[in-house]
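Take a look at the structure set out below.
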Amino acid sequence: MSERSVLVTGGNRGIGRAIAEAFIANGDKVAVTTRNGDAPEGALGVAADVTDSASIDAAFTTVEEAHGPVEVLVANAGITRDTLLLRMSEDDFSDVVDTNLTGAFRVLKRASKGMLRMRRGRVILIGSVVGLYGSPGQINYSSSKSALVGMARSLTRELGGRGITANVVAPGFVRSDMTDALDEETQKKYLGNIPAGRFAEVDEVARVVRWLAGEDAGYISGAVIPVDGGLGMGH
Ligand code: NDP
């Protein structure tokens, strides 16, 4: 299973960067999409915006030429546009869905071509605890993340017989630019609800993603794997 062609979207920073680094440490051939910033050392950086199919297609072509068909796809790129329902514009909603959900669909569709030819592949969609738990001020974000569960499960039913697995990793509150942007009061409120009593570090999510893409997790598909210190238990 080593030396696979791995592609992580949004791998220039945060959780995506940590995921890329975990696969690099594993000896895989890793590519990351970037809009800004650099790829981590040892990864091939390809410019792509997940809201733009043409840029995704071009990025995959570059990765395929350099590393071969993508065998492990991690759809990680995501945004928030938090605000309460009555203040949420249609653009606030559709921009988040376009990146987090349709963006995952775009890369999944492109990756599936190579996976079907190889008759193997691992798809990991980065969801969120709030996809199933819910969160005030995040109707757009939680809707986009819960829909990834349907995506992974439908993909499992559609392509599970071709050696392809699809799972959702649902992090809780992870230290990154995305959560640093939340005000102190919101951070404190979340912390009070996390049984582990702390936020996660990015590499704690990355190691679970790497495990899900590995040999030991070959019979897991359509699952939602929480990495949330117990925050979403039972959801
Ligand atoms: P960051 O904001 O730190 O990083 C987001 C990444 O996504 C960046 O690389 C960003 O690129 C990229 N990205 C955003 N929009 C696009 C786009 N249109 N096309 C390509 N790339 C894009 O977030 P995190 O690392 O915290 O989050 C990573 C994933 O984990 C997201 O899907 C998020 O929803 C999820 N998550 C995060 C949690 C947390 O607590 N941090 C909890 C649960 C889930 P650029 O640098 O160019 O903006």
Side-chain angles (χ1 to χ4, degrees), residues 7-22 31-40 43 45-60 73-82 91 94-108 110 123-135 138 140-149 151-152 167-182 186-187 189-191 193-194 196 198-206 208-209 224-229 231-232 235:
L7 177 63
V8 183
T9 63
N12 55 306
R13 61 191 171 100
I15 295 172
R17 190 179 183 95
I19 293 170
E21 286 169 346
V32 300
T33 71
T34 58
R35 290 189 307 181
N36 310 290
D38 297 325
V46 285
D49 188 315
V50 298
T51 63
D52 174 3
S53 301
S55 78
I56 290 167
D57 190 41
F60 268 84
L73 172 70
V74 184
N76 163 80
I79 57 167
T80 50
R81 194 73 67 80
D82 298 354
D91 282 348
S94 55
D95 288 354
V96 168
V97 169
D98 196 28
T99 299
N100 299 4
L101 177 60
T102 319
F105 163 76
R106 292 185 186 100
V107 289
L108 173 60
R110 182 59 179 79
V123 174
I124 292 131
L125 308 175
I126 305 300
S128 166
V129 64
V130 307
L132 300 176
Y133 190 71
S135 172
Q138 293 198 305
N140 47 3
Y141 182 77
S142 59
S143 300
S144 72
K145 293 298 188 180
S146 61
L148 294 176
V149 178
M151 186 180 285
N167 292 289
V168 173
V169 168
F173 196 111
V174 185
R175 287 198 183 287
S176 76
D177 295 344
M178 188 176 271
T179 45
D180 285 349
L182 297 172
T186 309
Q187 294 201 23
K189 217 165 67 193
Y190 273 114
L191 191 57
N193 286 323
I194 301 169
R198 65 175 180 87
F199 301 144
E201 302 299 330
V202 288
D203 63 304
E204 293 183 291
V205 178
V208 173
V209 172
V224 181
I225 311 287
V227 187
D228 63 4
L231 174 61
H235 292 88

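Note that ligands are numbered from 1 as they come in the structure, with each ligand's atoms numbered from 1 the same way.
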**Asked** Which residue holds the protein heavy atom closest to atom 11 (O) of ligand 1, what is that atom called, and what is the gap in Å?
**Response** N12 OD1, 3.7 Å
**Message:** Does ligand 1 come near enough to S128 that some N or O of the ligand is less than 3.5 Å from an N or O of the residue?
**Reply:** no
**Asked** For ligand 1, is K145 a contact, meaning one of its heavy atoms is under 4.0 Å away?
**Response** yes
**Item:** Atom pair CG/CG of D228 and N193 - distance to nearest 0.5 Å
**Value:** 11.5 Å
**Complete:** In terms of its nearest heavy atom to atom 38 (C) of ligand 1, the top option of A77, G172, A48 is G172
**Prompt:** Do the side chain of S146 and the main chain of S143 share a donor and acceptor less than 3.5 angstrom apart?
**Reply:** yes
**Request:** With heavy atoms of I79 as the reference, note each atom of ligand 1 found under 4.0 Å away.
**Result:** 14 (C), 15 (N)
**Message:** Please report the interatomic distance CD(Q187) to OG1(T179), rounded to the nearest 0.5 Å.
**Reply:** 6.5 Å
**Item:** Within-shell test, T9 vs ligand 1, heavy atom, strictly < 4.0 Å
**Value:** no
**Message:** Can you tell me which residue among F173, Y133, F199 is in a ring pair (Phe, Tyr, Trp, His ring centres under 6.0 Å) with Y190?
**Reply:** F173
**Item:** Donor-acceptor contact below 3.5 Å, side chain N76 vs main chain G10
**Value:** yes
**Prompt:** Under 4.0 angstrom from ligand 1, any heavy atom of Y141?
**Reply:** yes
**Request:** Report yes if some N/O of G10 lies less than 3.5 Å from some N/O of ligand 1; otherwise report no.
**Result:** yes
**Request:** Please answer whether the main-chain N or O of I126 pairs with a side-chain N or O of K145 as donor and acceptor at a distance below 3.5 Å.
**Result:** yes
**Request:** Provide the number and element of each atom of ligand 1 under 4.0 Å from a heavy atom of I126.
**Result:** 29 (C), 30 (O), 35 (C)
**Message:** Would the distance check show the side chain of N167 and the main-chain N or O of A152 forming a donor-acceptor pair, the cut-off being under 3.5 Å?
**Reply:** no
**Asked** Which heavy atom of the protein is the closest neighbour of atom 19 (N) of ligand 1, given with residue, atom name and distance?
**Response** V50 N, 2.9 Å
**Backbone of N12 reached by a side-chain donor or acceptor of T34 within 3.5 Å** = no
**Asked** CG of D38: more than 12 outside heavy atoms within 6.0 angstrom?
**Response** no
**Request:** Report the nearest protein non-hydrogen atom to atom 1 (P) of ligand 1: residue, atom name, distance rounded to 0.1 Å.
**Result:** R13 NH1, 3.6 Å
**Asked** How far is atom 16 (C) of ligand 1 from its nearest protein heavy atom, and which residue and atom is that?
**Response** R35 CZ, 3.5 Å
**Proximal ligand 1 atoms for F173, defined as those under 4.0 Å from one of its heavy atoms** = 40 (O)
**Complete:** At under 4.0 Å between heavy atoms, what of T179 touches ligand 1? The answer is side chain
**Asked** Which residue holds the protein heavy atom closest to atom 32 (O) of ligand 1, what is that atom called, and what is the gap in Å?
**Response** N76 O, 2.7 Å
**atom 5 (C) of ligand 1 [closest protein heavy-atom partner, distance rounded to 0.1 Å]** = G78 O, 3.7 Å
**Item:** Heavy-atom nearest neighbour in the protein, as seen from atom 47 (O) of ligand 1, with distance rounded to 0.1 Å
**Value:** N36 ND2, 2.7 Å
**Asked** Looking at D49 and R106, does any basic side-chain N land under 4.0 Å from a carboxylate oxygen?
**Response** no
**Prompt:** Considering only heavy atoms, which of V174, D49, I15 lies nearest to atom 37 (C) of ligand 1?
**Reply:** I15
**Prompt:** Under a heavy-atom criterion of less than 4.0 Å, does T33 contact ligand 1?
**Reply:** no
**Complete:** CD1 of I15 to CD of E201, rounded to nearest 0.5 Å, is 11.0 Å
**Request:** Considering only non-hydrogen protein atoms, determine which one is nearest to atom 41 (N) of ligand 1 and report residue, atom name and distance to 0.1 Å.
**Result:** S176 OG, 3.1 Å
**Asked** At their closest point, which heavy atom of R81 faces which heavy atom of D95, and how far apart are they?
**Response** NH1-OD2, 3.1 Å
**Request:** Work out whether the distance between some heavy atom of A200 and some atom of ligand 1 is less than 4.0 Å.
**Result:** no
**Message:** Donor-acceptor pair, distance only, cut-off 3.5 Å: does the side chain of D82 make one with the backbone of Q138?
**Reply:** no
**ligand 1 N/O within reach of G11 N/O, cut-off under 3.5 Å** = no
